[in-house]
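To keep things clear, I will list the structure first and then write my remarks on it.
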Amino acid sequence: MTKALIVPDLAYTSRAGRRGGRSNGYKELTAKLKYYQYRNDRNGHIPQAEGLERWQDHGLGRHFRDIMKSCDTLGSDKVLAWTWVISPAPDLMALVPETERGALIRSLTEHIVEAYYEARDVDVPAYSYVVHDRLTKPDEKTGERLQQLHSHIVLPGTVPSFVGTREPFYNRANKGHIALLQEIATECFSVELDRLVGPEWRELRPELAPPPLEPEIIDLPAIPTLAEGESELDQWFGRRRSDLDV
């Protein structure tokens, strides 16, 4: 079975919520935002002080309350917010020097978000995200647990339009949107692994096609100077007779 390089996932919170009623959607999104801000997993709480906010703010807010207000303002009639997860494969991230992993997950998150919206031919909306750092479940054979860095991204239910208004934005699997997100995420992570690790990371994914080869540069021999009375055809085919005498 092919192992994914990176798993992007997305979901939406409707204004009505899963059980119907306007307040339920707000309660659902608020609970998500609190979880993103204060936890790495279900078992640990991360207290925060002023100046230690975890959110990377790209216009949506630096605190769950601010992000909630922005989503309310920028949401569509149906979609209050889109919530994404970007989770690179832990075994491949383990190949990256530990000091560079945090910068990598942040760079990946931003590149993937922006490339996806650009591929959909719309402006990138305001968004915020937080990076979670937890351990995987123990391996069934070795019991080993790997670091699982991943990001949670919050985006509004609309995008800016060229006339200055906002338009509803949807992600639909039956229109290829999820496949597009997976393709972009895989390409972004592959490029970064080639840069930070080198091609040896592909040994952990032998089923993947090798990267395209760089075009070979061939040094052509210099064209010799033509002798007096000699043509280029003489150089290619040898000196030819200029008459029909035998």
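Only heavy atoms go into these numbers, but all of them, side chains included; no hydrogens, no water, no symmetry mates. Computed from a prediction, not measured in an experiment: that's the story for all the values here.
Under the ring pair (Phe, Tyr, Trp, His ring centres under 6.0 Å) test applied with Tyr36, the options His150, His152, His63 reduce to a single match, His152.
Annotation for Glu183: atom CD does not count as buried by contact number, only 12 or fewer foreign heavy atoms lying within 6.0 Å. Counting heavy-atom neighbours within 6.0 Å of His111 NE2, excluding the residue itself, gives a total of 12 or less.
Using a distance-only test at 3.5 Å, with no hydrogens or angles considered, no donor-acceptor pair links the side chain of Arg54 to the main chain of Arg62. Here the side chain of Ser151 pairs no donor or acceptor atom with the backbone of Thr109 at under 3.5 angstrom. Counting only distance, with no hydrogens or angles, the side chain of Arg39 and the backbone of His132 share no donor-acceptor pair below 3.5 Å. Put simply, the side chain of Arg15 never gets that close to the backbone of Leu80: no donor and acceptor are under 3.5 Å apart. Judged purely by atom type and a 3.5 angstrom limit, Ser190 uses its side chain to pair as donor or acceptor with the backbone of Thr186. Of the possible donor and acceptor atoms, none in the side chain of Thr158 sits under 3.5 Å from a partner among the backbone N and O of Pro168. Looking at Thr83, its side chain never comes within 3.5 Å of a backbone N or O of Val154 through a donor-acceptor pair. A side-chain donor-acceptor contact under 3.5 Å links Gln37 to the backbone of Phe64.
Side-chain contact of Gln56 with Tyr127: a donor-acceptor pair under 3.5 Å is absent, judged by distance alone. There is a side-chain donor-acceptor pair under 3.5 Å between Tyr26 and Asp72. A donor-acceptor contact under 3.5 angstrom links the side chains of Asp194 and Trp201, judged on distance only.
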Evaluation steps, side-chain contact (heavy atoms from CB on, under 4.5 Å), between Asp66 and Leu60: CA-CA 7 Å; Asp66 299 328; Leu60 206 64; over 6 Å; no
side-chain contact (heavy atoms from CB on, under 4.5 Å) between Trp84 and Asp9: does it pass, once the steps are laid out? CA-CA 6 Å; Trp84 291 19; Asp9 193 18; over 6 Å; no
Stepwise, does the side-chain contact (heavy atoms from CB on, under 4.5 Å) test hold for Asp139 with Arg145? CA-CA 6 Å; Asp139 183 89; Arg145 303 181 73 184; over 6 Å; no
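Gly102 and Leu149 get closest at one heavy-atom pair: N-CD1, 4.3 Å.
A heavy-atom distance below 4.5 Å is found between the side chains of Asn171 and Tyr116.
Among residues at least two apart or in separate chains, salt bridge (charged side-chain N to carboxylate O under 4.0 Å, His left out) pairs with a member in residues 82-110 are Asp91-Arg205.
Cation-pi geometry between Arg172 and Tyr170 is met: under 6.0 angstrom from the ring centre, within 45 degrees of the axis.
For Trp82, the ring pair (Phe, Tyr, Trp, His ring centres under 6.0 Å) partners at least two apart in sequence or on another chain are Tyr12.
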